[in-house]
Amino acid sequence: MSRASVSLAILAAILVALPFLLGNYALSVATLILYFAYTGQAWNVMMGFAGQLSLGHAVYVGVGAYAAGSLFFHYGIGPWAGVLLAMALCVALGLIIGFLAFRFRISGVYFALLTIAFAEFTRIGFDHLDWTGGPGGMFLRVAQRDTWDLANFRGPPLMYYYAMLALAAGAFALCAWLLRSRAGYYWQAIREDEEAAQALGINTFRWKLLAVAISAAMTAVAGVFFAFYYNNLFPEQIFHISRSIEIILGPVIGGVGTLFGPVLGATVLTLLSDGITEALAAVGWEIPGIKQVFYGVVLLAVVMFLPNGIWPALARRLRL
Amino acid sequence: MSLLDVRSVSKHFRGLRAVHEVSFDVAEGGIQGLIGPNGAGKTTTFNMIAGVYAPDTGEILFAGRAIHRLRPDEICAAGIGRTFQIVKPFAGLSVLDNVMVGAFLRERHAANARAAAAKILERLGLGAKRDLPASSLTLPDRKRLEVARALATRPKLLLLDEVMAGLRPTECDQMVAVFRELNRADGTTILLIEHVMRAVMALARQIAVLHHGALIARGTPEQVVRDPAVLECYLGEETEV
Ligand SMILES: Nc1ncnc2c1ncn2[C@@H]1O[C@H](COP(=O)(O)OP(=O)(O)OP(=O)(O)O)[C@@H](O)[C@H]1O
Ligand SMILES: [Mg+2]
């Protein structure tokens, strides 16, 4: 076995054993890390692999969450059917955005703006949709939480941790496989030079759409998790651009286009955000916005000193 | 029989007549040169054949089929491989991965694409550099990479846009040998734009000459270099004859 696969096996073992070492609060932080590792991985398929910058990924989280949430809220249908609906809707939405952009050659920054616009439109749409509670939000019934009810995805924090771990591991494996397949090569070629890619027989329109569809479907699943984990959904929050930014920070800090970047970035950022909160509480500083300033400074430092993200530099050190 | 048939194609950029009513054909199994001074319209002609620009007038037939409305990827899939005069490596990928991208057109599985790509790199003398990032290659090696990538798509017709530029004479001769072999053993038809006359004279059996977007001469290398119109247009140009 290579050093890389040994490290991966050790990491997997630690992650499985982790809940037995952590308290409830720490477990919720670990779940959050896995959540961002997962959504970062999904976003990375579009941007890191295929070079298509989405700044509106919250739209897929939101539509996914509302799709499965509504089925449960109105009809008592559990998330297993919900996740299919969520993925179908998000793929359709992604294909519409992608079709418009790629058909009319909207690329780069303009493509990013289009993704933001769609997230905003969708937020406004949900604000006016009474069926999902409008701006007042939708609240899912919270049942008794100490037994695992997998059919309705109701259970203790441990269940959500393992579900998120399975999703993050699955996304990692899927992306590793994609990256080594024809799709991965084609996407990277498109990312590096679209004209050259086309000259090598790549139908760039179709392959870019595929990247969007896969990324949207993956993110939709995160939305379903979100709905059943937090149990309340507000358009203002779930579709907000800061939610989209949150998704991309992990891979950006960790390393865009790499497999470990989203995982590492999510870990660093979540721990950092949490650590700053705790440290400030311990010191007793209560200056408004001070946390954001610290956070911003660290982000700036990483971007300045490790412009390709933490993972590429770390991998070189570890000789993986 | 001609594999490629270019019939009075034109391409104008705003007021500029980049290519005007140009016709020529390339025989199946042949090697044809396309020469002319800077700005003559050679690359624009390539771009029309490769589907980057739709011609304003005229038509282009490949193996009897009209291709001038097709996209670049469809034209590549039909069997025309091209290199870019201004090289376009996938800078973030390794040399081998660059060529694998081309090989995936005919080989769906990564292992097969990798094997095919490795073979082509050996053929072009890039075997030892296969694991380097493409961004680390020198210009002559980048030109070789352009050729390798195009070859990986297994073209029936290969369009080469100044791939010898910047090569030393011995390197140039090696490249000429590669194309000869490709033409002889694989039956690949070649259309090459070249300023390096040493290479054109060594390879081409037919030469077409463009000047100010118009075709001014066609014939064997011997005929073309004696043509008064050709000598006229190259007068004052620095030629490498
Ligand atoms: N995309 C474009 N837009 C506007 N003008 C262009 C474009 N491409 C080429 N031209 C112009 O068309 C003319 C022909 O250019 P082309 O690149 O085909 O020449 P060439 O024969 O390949 O020259 P060289 O030997 O320098 O490569 C030139 O005057 C060039 O400036
Ligand atoms: Mg040119």
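Chain letters run A, B, ... following the sequence lines, proteins first, then strands; residues in each count from 1.
With a 4.5 angstrom heavy-atom cutoff, B:Ala134 does not touch chain A via any of its atoms. Heavy atoms of B:Ala91 lying under 4.5 Å from chain A belong to its backbone as well as its side chain. Neither the backbone nor the side chain of B:Arg106 comes within less than 4.5 Å of any heavy atom in chain A.
Nearest heavy-atom pair, B:Cys76 versus A:Ala199, reported as atom, atom and distance to 0.1 Å: SG-O, 3.2 Å. Between B:Arg149 and A:Ala196, the shortest heavy-atom distance links the atoms NH2-CB, 3.8 Å. Between A:Ile202 and B:Asp73, the shortest heavy-atom contact is O-CB, 3.3 Å.
Proximity of B:Phe84 to A:Glu195: side-chain heavy atoms (C-beta onward) are separated by under 4.5 Å at one or more points. The closest side-chain heavy-atom distance from A:Leu200 to B:Phe90 is below 4.5 Å.
Taking chain A as the reference chain and counting heavy-atom pairs below 4.5 Å, the highest number among B:Ile80, B:Ile75, B:Asp97 is found for B:Asp97. No other option in A:Ala197, A:Ser181, A:Gly184 has as many heavy-atom pairs under 4.5 Å with chain B as A:Ala197.
Aromatic ring pairs are classed by plane angle as parallel below 30°, tilted from 30° to 60° and perpendicular above 60°; the pair A:Tyr186 and B:Phe104 is perpendicular.
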Derivation and outcome, side-chain contact (heavy atoms from CB on, under 4.5 Å), residues B:Val101 and A:Gln188:
CA-CA 9 Å; B:Val101 172; A:Gln188 293 181 84; over 6 Å; no
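With rounding to the nearest 0.5 angstrom, the CZ atom of A:Arg182 is 4.0 Å from the CZ atom of B:Arg108. For the atom pair CD (B:Glu74) and CG (A:Asn203), the distance works out to 7.5 Å, reported to the nearest 0.5 Å.
The local environment of CZ in B:Phe13 is crowded, with over 12 non-hydrogen atoms from other residues, nucleotides or ligands closer than 6.0 Å.
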